[in-house]
Amino acid sequence: LGKSAATVAALGGTALVAQSIHRQTREQAAATRLANQAGTPEKRDEILRQAQGVRGFTGEQSLEMLSAFVEKTGDLQSGLGMMRELGDLALATGTDFTELGRAAGAMLNPLSDSIKDPKERLEALKRTLLMFGGAGAIGTIELSSMATEGAAFAAQASKFQGGPEQTMK
């Protein structure tokens with residue numbers, strides 16, 4: 001019985017190590033793909049480090065969200081700049097992290113038309129997402145539905161006086 005228990009423990013440990021190596025390989029591949037798509041392969045390690053530092057999510061989940069954001073915007077730098085805040089908002093609202101990344105990306109595009117400064121644009125996106133997150137908290141709207149509906153709304157908002165951020169408020 002003693003040898004069997006030791007064998008089972010050793011096999012379990014080996015399986016855990018193999019899972020960890022497999023996860024790291026997937027994360028490195030995702031970070032490499034994002035860095036290459038952005039034309040900045042030298043930023044792979046930075047992307048990976050930031051993705052692994054998002055509270056409440058694995059590196060793989062963070063990279064999946066980042067990929068969804070970049071898919072909508074083509075803007076890796078903004079996605080990296082928003083990753084931690086989006087993670088916090090996803091945790092606070094119970095919204096799927098990847099869907100939130102997709103929604104944020106879709107909402108950033110109309111803001112890009114009217115706000116040229118990248119830092120100001122990200123701040124406007126943060127305020128808008130927090131506003132929608134607050135509406136979700138009181139039951140007015142599901143933040144997760146903003147991936148599709150928010151993009152359409154944000155696109156139409158740019159047509160009204162005051163620009164998209166003011167209209168979305």
Side-chain angles (χ1 to χ4, degrees), residues 14-133 136 143-155 157-158 163-165 168:
T14 302
L16 287 175
V17 169
Q19 286 176 346
S20 178
I21 291 170
H22 186 62
R23 179 188 47 78
Q24 287 177 336
T25 302
R26 286 191 316 265
E27 288 177 0
Q28 287 175 348
T32 298
R33 194 171 35 258
L34 282 165
N36 288 342
Q37 287 171 349
T40 55
E42 70 280 0
K43 289 194 172 195
R44 182 198 76 156
D45 292 340
E46 176 190 340
I47 293 167
L48 186 57
R49 187 175 52 257
Q50 286 189 37
Q52 291 171 336
V54 177
R55 185 175 55 92
F57 296 96
T58 65
E60 194 169 7
Q61 290 169 317
S62 298
L63 288 163
E64 195 174 302
M65 181 287 302
L66 186 58
S67 183
F69 182 92
V70 172
E71 181 182 296
K72 289 289 184 183
T73 64
D75 186 352
L76 176 63
Q77 203 56 43
S78 291
L80 287 169
M82 290 291 299
M83 195 161 27
R84 285 182 186 255
E85 287 88 351
L86 291 174
D88 290 343
L89 186 58
L91 287 175
T93 61
T95 303
D96 179 87
F97 195 24
T98 301
E99 286 302 312
L100 184 57
R102 190 170 286 113
M107 294 170 78
L108 182 66
N109 288 330
L111 292 173
S112 297
D113 295 337
S114 61
I115 304 172
K116 299 305 175 196
D117 180 75
K119 287 183 181 181
E120 188 179 326
R121 190 169 46 239
L122 286 183
E123 287 303 315
L125 178 60
K126 288 176 192 177
R127 289 189 301 271
T128 302
L129 286 168
L130 288 174
M131 179 205 51
F132 279 118
L143 192 56
S144 58
S145 69
M146 292 312 298
T148 52
E149 297 164 18
F153 182 68
S158 63
E165 185 186 7
M168 287 190 277

inquiry  = Working to the nearest 0.5 angstrom, can you tell me the gap between Asp117 CG and Ser112 OG?
reply    = 11.0 Å
Below 3.5 Å, can you tabulate the donor-acceptor pairs from side chains in residues 28-42 to any protein atom, sequence neighbours excluded?
from: Thr32; atom 1: OG1; to: Gln28; atom 2: O; distance (Å): 2.7
from: Asn36; atom 1: ND2; to: Thr32; atom 2: O; distance (Å): 3.4

message = The criterion is side chain to side chain donor-acceptor pair (under 3.5 Å); which residues satisfy it with Ser78, sequence neighbours excluded?
response = Asp75
query = Should the heavy atoms of other residues, nucleotides or ligands under 6.0 Å from NZ of Lys119 be counted, would the total exceed 12?
reply = no
request  = With sequence neighbours excluded, tell me which residues meet salt bridge (Lys or Arg N to Asp or Glu O under 4.0 Å) with Glu85.
outcome  = Lys126
request  = May I have all residue pairs that pass ring pair (Phe, Tyr, Trp, His ring centres under 6.0 Å) and include part of residues 92-127, sequence neighbours excluded?
outcome  = Phe57-Phe97
task = To the nearest 0.5 angstrom, please state how far the OG1 atom of Thr128 sits from the CE atom of Met107.
result = 5.5 Å
inquiry  = Tell me the closest heavy-atom pair linking Ala51 and Ser62, and the distance in Å.
reply    = O-OG, 3.1 Å
query = Looking only at heavy atoms, which two atoms of Thr98 and Asp96 are closest? And how far apart?
reply = N-OD2, 3.1 Å
inquiry  = Taking side chain to side chain donor-acceptor pair (under 3.5 Å) as the definition, give me every residue that meets it alongside Asp88, ordered by chain and number, with sequence neighbours left out.
reply    = Arg55
message = Taking ring pair (Phe, Tyr, Trp, His ring centres under 6.0 Å) as the cut-off, I'd like each qualifying pair that reaches into residues 107-126, sequence neighbours left out, listed once.
response = none
query = Of all residues at least two apart in sequence or in a different chain, which pass the side chain to side chain donor-acceptor pair (under 3.5 Å) check with Glu27?
reply = Arg23, Gln52
request  = Indicate the atoms forming the closest heavy-atom contact of Thr73 with Gly105, along with that distance.
outcome  = CG2-O, 3.3 Å
message = Suppose we screen for side chain to side chain donor-acceptor pair (under 3.5 Å). Which residues come up paired with Asn109, at least two apart in sequence or across chains?
response = none
note = For Glu60, the salt bridge (Lys or Arg N to Asp or Glu O under 4.0 Å) test, sequence neighbours excluded, returns Arg26
key: Closest contact, heavy atoms only, Leu129 versus Ala104   = CD1-CB, 3.8 Å
task = Assess whether salt bridge (Lys or Arg N to Asp or Glu O under 4.0 Å) is satisfied between Arg49 and Glu46, documenting all intermediate values.
result = CA-CA 5 Å; Arg49 187 175 52 257; Glu46 176 190 340; 5.3 Å; no
inquiry  = Is there a side-chain contact between Leu122 and Leu111 in this structure, where contact means two heavy atoms from C-beta onward sitting under 4.5 Å apart?
reply    = no
request  = Only pairs at least two apart or in different chains count here, so list each ring pair (Phe, Tyr, Trp, His ring centres under 6.0 Å) that has a residue in residues 98-117.
outcome  = none
request  = Could you go through the side-chain contact (heavy atoms from CB on, under 4.5 Å) check for Leu80 and Met83 one step at a time?
outcome  = CA-CA 5 Å; Leu80 287 169; Met83 195 161 27; 3.7 Å; yes
inquiry  = Under a 3.5 Å cutoff, is there a donor and acceptor pairing between the side chains of Lys43 and Gln50?
reply    = no
key: Value rounded to 0.5 Å, distance of CG in Leu86 from CZ in Arg84   = 12.5 Å
inquiry  = Quick test of your reading: applying ring pair (Phe, Tyr, Trp, His ring centres under 6.0 Å), list the pairs with at least one residue in residues 66-94, sequence neighbours left out, ordered by first then second residue.
reply    = none
query = If only atom types and distance count, is the side chain of Arg121 paired as donor or acceptor with the main-chain N or O of Ile115 below 3.5 Å?
reply = yes
